[in-house]
Amino acid sequence: MADINITVDGRKVTAAQGTLLIEACKSVGIEVPSFCYYPNLSLQGACRMCLVKVEKMPKLQTACTTVISEGMTVTTDSDEIRQARKSMVEMLLGNHPLDCPVCDAGGECELQDMTFSYGAAESKYMEPKNHKDEQQWSPVVYFDRPRCILCYRCVRVCGEAMDVWALGVQNRGVSSIIAPNQEDHLECEECGMCIDICPVGALTSGAYRYKTRPWEMKHVGTICTHCGDGCKTTLGVRRSDTGMEIVRGDNRDKSGINGDFLCIKGRYAFDFAHHDDRITQPLIRKDGRLTPSTWEEASALIGKRFADIRDHQGGQSIGVVGSNRTTNEESYLLQKFARIVLQTNNIDHHRTADFPAFAAGVTGKPESTASMRDVFNAPAMLLIGNNPSEQHPLLAWQIRNNVRLHRARLYVINSQEIKLRRQAANFVPIPEGTEGDVASFLAGDDSAIDTAGNETSDALKPLRDKLRSEQNLVIIFGSEIRGDDISSLVKFGSNIPGSKFICLGDYANSHGAADMGLYPNLLPGYHSISDIGIFHQERGGEIPQTPGLTLPEMVESAKADKLKAFYVVGANPVGRLGLDPFSFSQGFVVVQDMFLTQTAEIADVVLPAANAYEKAGTFTNTCGDLQLLKKAGEVNGTKPDFEMIVRIADAMGFDVRKLVPFGRGTRADMGQSRGAQAGEADRHAVWLEAHGLEPKMSPFDPMAILDEIQRLVPGYDVSRMDLQAGD
Amino acid sequence: MRFSEQFESRFAEMLTHYPTKRSVLVPTLLYAQDESGSLSDEVIKEIAGRLELTELEVRNVISYYSMLTTHPRGKYNVQVCTNIACLLRGADELFEHCEKKFGVKHKGTTADGLFSLEEVECIGACSWAPAVQVNYDFHENLTTEKLDNVLDEYRRK
Amino acid sequence: MAELVSHPDEVRVVSRRFGQGATNLDRYLELDGYKAVQKALTMQPDAIVNEVKNSGLRGRGGAGFNTGMKWSFVPKQSAKPKYVLCNGDESEPGTCKDRLIFEHDPHAVIEGTVIAGLAVGSHTGYIYIRGEYRYLLEIMQKAIADAYARGFLGKNIFGSGYDFDVYWHGGAGAYEVGEESALMESLEGKRGIPRIRPPFPAVVGLWGGPTVINNAETLASIPHILLGGADWYANLGPPKNGGTRLFCLSGHLKRPGVYELPMGYNLKKMIYDVGGGIPGGRKLKAVVPGGSSTPLMTPDEIDVPMDFDSMMKAGSMLGSGGVVVLDDTTCMVKFALRIMKFYQHESCGWCIPCREGTDWLKKTLIRFHSGGGLKKDIDNILYLSQNMLGRTFCPLGDAAAMPTISIVKKFRQEFEDHLEGQPCAFEKESKIEQLPVLA
Ligand SMILES: Cc1cc2nc3c(=O)[nH]c(=O)nc-3n(C[C@H](O)[C@H](O)[C@H](O)COP(=O)(O)O)c2cc1C
Ligand code: SF4
Ligand code: SF4
Ligand code: SF4
Ligand code: FES
Ligand code: FES
């Protein structure tokens, strides 16, 4: 699109045709104040804060609704403009309760900021204010009408962006009021987007209300642990009796792949972290009962038993189960520990999507996986199976908003009437369980869908033709499609120029767990066991040559009394996979977890684990985007799985330097971490970290092993600078 | 929910007048209110369903228009214009007279449910002020005596 | 039904058929009805637009934009259907003229609507009538049905091969819905919140299609222009202000009523000759010249021709034709309060300055009128009004601010007289009750 040249406050500004004046100003650092304008939501022109002078126009114009045109000359600051903005704030304050000292938004309120900027604090207003009591609309959403400035952001984000449409405007004039869909309460998805987007304290969250003030928290940017989409989240944490408590999560700064989006889980589900049932001490079974113990005793016991069993019964008599929720570093370390320390390939995890088949399918096809960002920008998308609105909220958000804002075409094939059909240009219902057949059909096998009935095939044929005529199609498929069907789908996609894929898996780091080689037959990066190659050298130890046992095989083996030790890290196979708890009654069972799960209950030793909000490392989302976790919360007494694995290796007498290559990197004078030079130290640290040169001071530093992962696992050699930046 | 045949045939016809269903909403609500006195939850649900709108959307629209109400009114809604032209010709007296006569305030309804009183904005009778609308009937060039006669007739109806 | 009046100075164009039984279609035909549209069917669209442009007809809804010019903004080619929309929401206090047109000459509105459609290449017209005018909606429904029955509307009108549909639409009580873009929202079944402009309705209007929107009186004038010719019409008024208009005389007058007078008719004459002057030997205090939105004028300002340009020059506006006359028994504070109460009640609430400004002003004026005013309030009222002016999302904010500013400026003394507990010289206590807020 052609570029347009305008002049703002005497500066030349060039921006693409169709750009809004407010955005053009922002692009050169000129901030035009706004309440109702919000990027990617429909335009309102309601708050009148963004009034600017456009030459040749008699009245001030709203920068948020004015599209730039060639030669436009604009003034954004003058006495007249400042007065206009000041009076808007004054008028708002006329009916505003000014209860800032007790308001949740105090300290991060856009009305406070604006009042400060335009000096509108002097009150001309003597009339009684319109009062209305605060209302609770749902467990999560509270509404305080007098604080509301009617910017309609909440209404729009709920309707346009979330496609929920639970909020509206009731009455008119000064009686106008934001209204929930059930008259006095809300029935909605409880995503909290409305609360987050509210510029003032009118909408507040039941989870955070009155708990603390913004400036009393520390804010840590990390990755949400609740699903495979990997939203960036900024956690507000503060000290508590038991460590650091997570008070809230948001992504107001829009850093990261999700912009300001978070779903209900990402925004509110923290109670698990400080739950009373958290284990905070190692437990050892004594006289049949799990009894609190010390780390020394627990590590020594595990080290001794693991070493005994390995040395006397052989590594094949030990089974290891990894997790979909631990970091890449932990998963990598766990399989390395299993293979070179325990001398076993008996390692597996709760498998979700068929990532190995997908990896095999796209090998040798560079650029064939789509990132979460690609989903927002693709001209067309095909979704087969899954229900992203529930299982992948960010993905659903990206799809919806790509359709809404970019008029992208969405094609949906599903056995259920999933919500995203509302955005679909074409929705084809199929019988449950035929997703794989559809993949074959798309790849050209017309007979594959014979069983699905005529209606389905009649609908799928024109759809296939349409898809074949697309370009840069993003093909997203659920875990219903596995094995050969994945290769069919990839084959179909390969004939569409520029097409890319996303394979959907359920948990926060399922993709990472798979990539890191939590398989009995696959090494990190899906290399076959037989294809050891460079791994020996890297691993500082010999790897057994035969593939190990899968999880069900381990169970059988335990029942046959062949498997003598079972090491479960962040998984609950008894509870989740219905594994028979008595299978392991004879063996030595070690479990690392946050809670006393059904699996932990049968353990001989239970170690209290930190969750992903409580440690550093990386996660790989379902698209394959690699992202950095930072430690935000803490529960005293727990440790990251990484540290526990290292401790066990150490207790087994293994040289931990061969496990975790710490101590390399540059030693630098980090300067002061407090006082005037603190910023300096931070900047050095950022640069060093960004270049992988930060001191890796101990074997507990997960970053020490990231280098290794990046060398060995295809697709992980992303720049550290980008990883640091969070995008 | 049952409306009159006339309502139904008009509704069906109106739907053919516009490219979107929703367009019939405002007049339909007023006609529905004429039949059932006010826009009850049941009516809202019915109309929302017919027009494929959420009840929230319908409520948002109702609350915008001053003639639409979710609260039942008296059989005769006495709407006294007190806007400028009427004000200059004695609208305040008319309104106060009604307040006393009915023993109710703005938007109140008499105990027998016969009359509601409402102070309204200009009803387009400025040259014949002061004016009162009872339901949809205009009564103009009023004095308190004339208004009494008018109201008595409604009472007798 | 509303009483008709007459005066020798009247020039009957739009009101020509008032009281003639023209709601009856046959009667309407006898009185030259539907001749203009048949003539229009023989004309090129551009020729119709030019004729209207040259007639100097300016919008009778209040803003006074040249009608032919407005029509010429409608794009010739359009992917979406084009529409003609008749604005019969008449709600501006002081205005009661469209009511008479609908009551006495509904077919003229229909005919004007069809001609506008021919001029811009539209095939569908809507006639929006405010909800309070139920009896007029019924008259219109019948008129439309009659016209369909004769083949004047619908497919192949007058056997011309041109299709044109006209539909009626009723409102439900909202002044703001008279604003053109809010009217479209209302017609689409939504809350009457105005739209962002540009794009203007002529380009993006109803359901996204190009839309001509005109006041009922404007459209009812069209057939007369086509039959009488642009020159004839233009010459009825001063330059650029063609024709006649319906003036609604109300307030403290001996002979209030709706009179059709040539554009440019002298305001003073209108009050004293046509309206018969002030009754009871009282004196003139102020005039609202064009509906409640226009700045008030004092007795020494009223020797002006009532046309758009002269009134602008005189510091006020011609507005909607509602001339409200105030005699010297009127309390100007109370009058200002009543106006503000109206705008506060009718503000759609969309934008801050109008929503909050009108509420604040209303509250201050209530306090003022009931004797609680402070000296600084007077400047505060001005300050607030001036800060609303030109900064609201739609012109309703201006409409609230303009009369207020004029009253405070021109009758400041009366505000001073109300200060600090002094009883209102015109009555003892405010009888104006506050409308409930935050219902
Ligand atoms: C608040 C407000 C209320 C209005 N009310 C009316 C009205 O009731 N009738 C009307 O014809 N125009 C009304 N207008 C003017 C319309 O917006 C529009 O200008 C007019 O219908 C155009 O027709 P015209 O060019 O024939 O005058 C109103 C404008 C505003 C800002
Ligand atoms: S919580 Fe989410 S779904 Fe519920 S009202 Fe707010 S934005 Fe809408
Ligand atoms: S509740 Fe908040 S987001 Fe919603 S309109 Fe009010 S101020 Fe804006
Ligand atoms: S000025 Fe603003 S609040 Fe007032 S009616 Fe117009 S848009 Fe609504
Ligand atoms: S930001 Fe432009 S009007 Fe609100
Ligand atoms: S002011 Fe009362 S009818 Fe117009």
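Chain naming here is simple, since letters A, B, ... match the order of the sequence lines and numbering starts at 1 in each.
- In Lys254(C), the NZ atom is crowded: over 12 heavy atoms of neighbouring residues, nucleotides or ligands sit closer than 6.0 Å.
- Summarising the geometry of Trp168(C) relative to Tyr18(B), their closest heavy-atom pair is O-OH, 3.6 Å, with the distance given to 0.1 Å.
- Proximity to chain C involves both the backbone and the side chain of Ala125(B), based on heavy atoms less than 4.5 angstrom apart.
- Between the side chain of His252(C) and the backbone N or O of Leu88(B) there is at least one donor-acceptor pair closer than 3.5 Å.
- Contacts between Leu206(C) and chain B at a heavy-atom distance below 4.5 Å are absent for every atom of the residue.
- Both the backbone and the side chain of Leu187(C) come within contact range of chain B, with heavy atoms under 4.5 Å apart.
- With Trp128(B) contributing its side chain and Glu3(C) its backbone, the two residues share a donor-acceptor pair below 3.5 Å.
- In terms of modelled atom types and a separation under 3.5 Å, the side chain of Ser66(B) and the main chain of Gly173(C) share a donor-acceptor contact.
- Contacts of Tyr83(C) with chain B are made by side-chain atoms alone, with heavy-atom separations under 4.5 Å and no backbone atom involved.
- A cation-pi arrangement is present between Arg99(C) and Phe138(B), with the terminal nitrogen or guanidinium carbon under 6.0 Å from the aromatic centre and inside a 45° cone about the axis.
- Of the residues considered (Thr28(B), Asn60(B), Leu68(B)), Asn60(B) shows the highest number of contacts with chain C, using heavy-atom pairs under 4.5 Å.
- For the options Leu249(C), Asp98(C), Ile339(C), heavy-atom pairs under 4.5 Å to chain B are most numerous at Leu249(C).
- Note: Gly192(C) leads Gly131(C), Gly171(C), Gly192(C) in heavy-atom pairs under 4.5 Å with chain B.
- A salt bridge does not link Arg191(C) with Glu57(B): every distance from a Lys NZ or Arg NE/NH1/NH2 to an Asp or Glu carboxylate oxygen is 4.0 Å or more.
- Chosen from Gly94(C), Cys96(C), Gly349(C), the residue pairing most often with chain B at heavy-atom distances under 4.5 Å is Cys96(C).
- For Asp137(B), no part lies under 4.5 angstrom from a heavy atom of chain C.
- Nearest heavy atoms, Pro27(B) versus His169(C): CD-NE2, 3.4 Å.
- With a 4.5 Å cut-off on non-hydrogen atoms, Val258(C) touches chain B through its backbone and its side chain both.
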- Is there a side-chain contact (heavy atoms from CB on, under 4.5 Å) between Arg338(C) and Asp92(B) once you walk through the steps? CA-CA 11 Å; Arg338(C) 188 60 189 86; Asp92(B) 278 5; over 6 Å; no

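- Considering only heavy-atom pairs separated by less than 4.5 Å from chain B, the leading option among Pro93(C), Pro256(C), Gly170(C) is Pro93(C).
- In this structure, the separation between CD1 on Ile123(B) and CD on Glu90(C) is 11.5 Å, given to the nearest 0.5 Å.
- Neither the backbone nor the side chain of Tyr175(C) comes within contact range of chain B; no heavy atoms are under 4.5 Å apart.
- Residues Tyr65(B) and Lys190(C) approach most closely at OH-O, 2.8 Å, considering heavy atoms.
- Both the backbone and the side chain of Thr82(B) come within contact range of chain C, each with at least one heavy atom under 4.5 Å from a heavy atom of that chain.
- Between the side chain of Ser127(B) and the backbone N or O of Ser250(C) there is no donor-acceptor pair closer than 3.5 Å.
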- Task: Just do the side-chain contact (heavy atoms from CB on, under 4.5 Å) check on Arg134(C) and Tyr31(B) with the steps written out, would you?
- Result: CA-CA 10 Å; Arg134(C) 173 58 66 81; Tyr31(B) 283 121; 3.6 Å; yes

- Please test Ser186(C) against Tyr64(B) for side-chain contact (heavy atoms from CB on, under 4.5 Å), starting from the C-alpha separation and ending with a verdict. CA-CA 10 Å; Ser186(C) 178; Tyr64(B) 179 90; over 6 Å; no

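- In this structure, chain B has a heavy atom under 4.5 Å from the side chain of Gln141(C), while its backbone stays farther away.
- In this structure, chain B has a heavy atom under 4.5 Å from the backbone of Val325(C), while its side chain stays farther away.
- Proximity to chain C (any heavy atom under 4.5 Å) is restricted, for Thr16(B), to the backbone atoms N, CA, C and O.
- Nearest heavy-atom pair across Glu132(C) and Gln133(B) is O-NE2, 2.8 Å.
- Of the two parts of Val120(B), only the backbone, made up of N, CA, C and O, holds a non-hydrogen atom closer than 4.5 Å to a non-hydrogen atom of chain C.
- Pairing each heavy atom of Tyr126(C) with each of His17(B), the nearest pair is OH-O, 2.5 Å.
- Looking at Arg255(C), there are no atoms closer than 4.5 Å to chain B (heavy atoms on both sides), in backbone or side chain.
- One distance of note links CD of Glu188(C) with CG of Leu25(B); it measures 12.0 Å at 0.5 Å rounding.
- From Ile84(B), atom CD1 reaches atom OG1 of Thr330(C) across 11.0 Å, with rounding to the nearest 0.5 Å.
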- Task: Please step through side-chain contact (heavy atoms from CB on, under 4.5 Å) for the pair Cys126(B) and Cys248(C), ending with a clear verdict.
- Result: CA-CA 8 Å; Cys126(B) 322; Cys248(C) 318; 5.8 Å; no

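- Taking each heavy atom of Cys122(B) and Thr95(C) in turn, the nearest pair found is SG-O, 4.5 Å.
- In this structure, chain B has a heavy atom under 4.5 Å from the side chain of Leu100(C), while its backbone stays farther away.
- To the nearest 0.5 Å, the span separating NZ on Lys341(C) from CD on Glu119(B) amounts to 3.0 Å.
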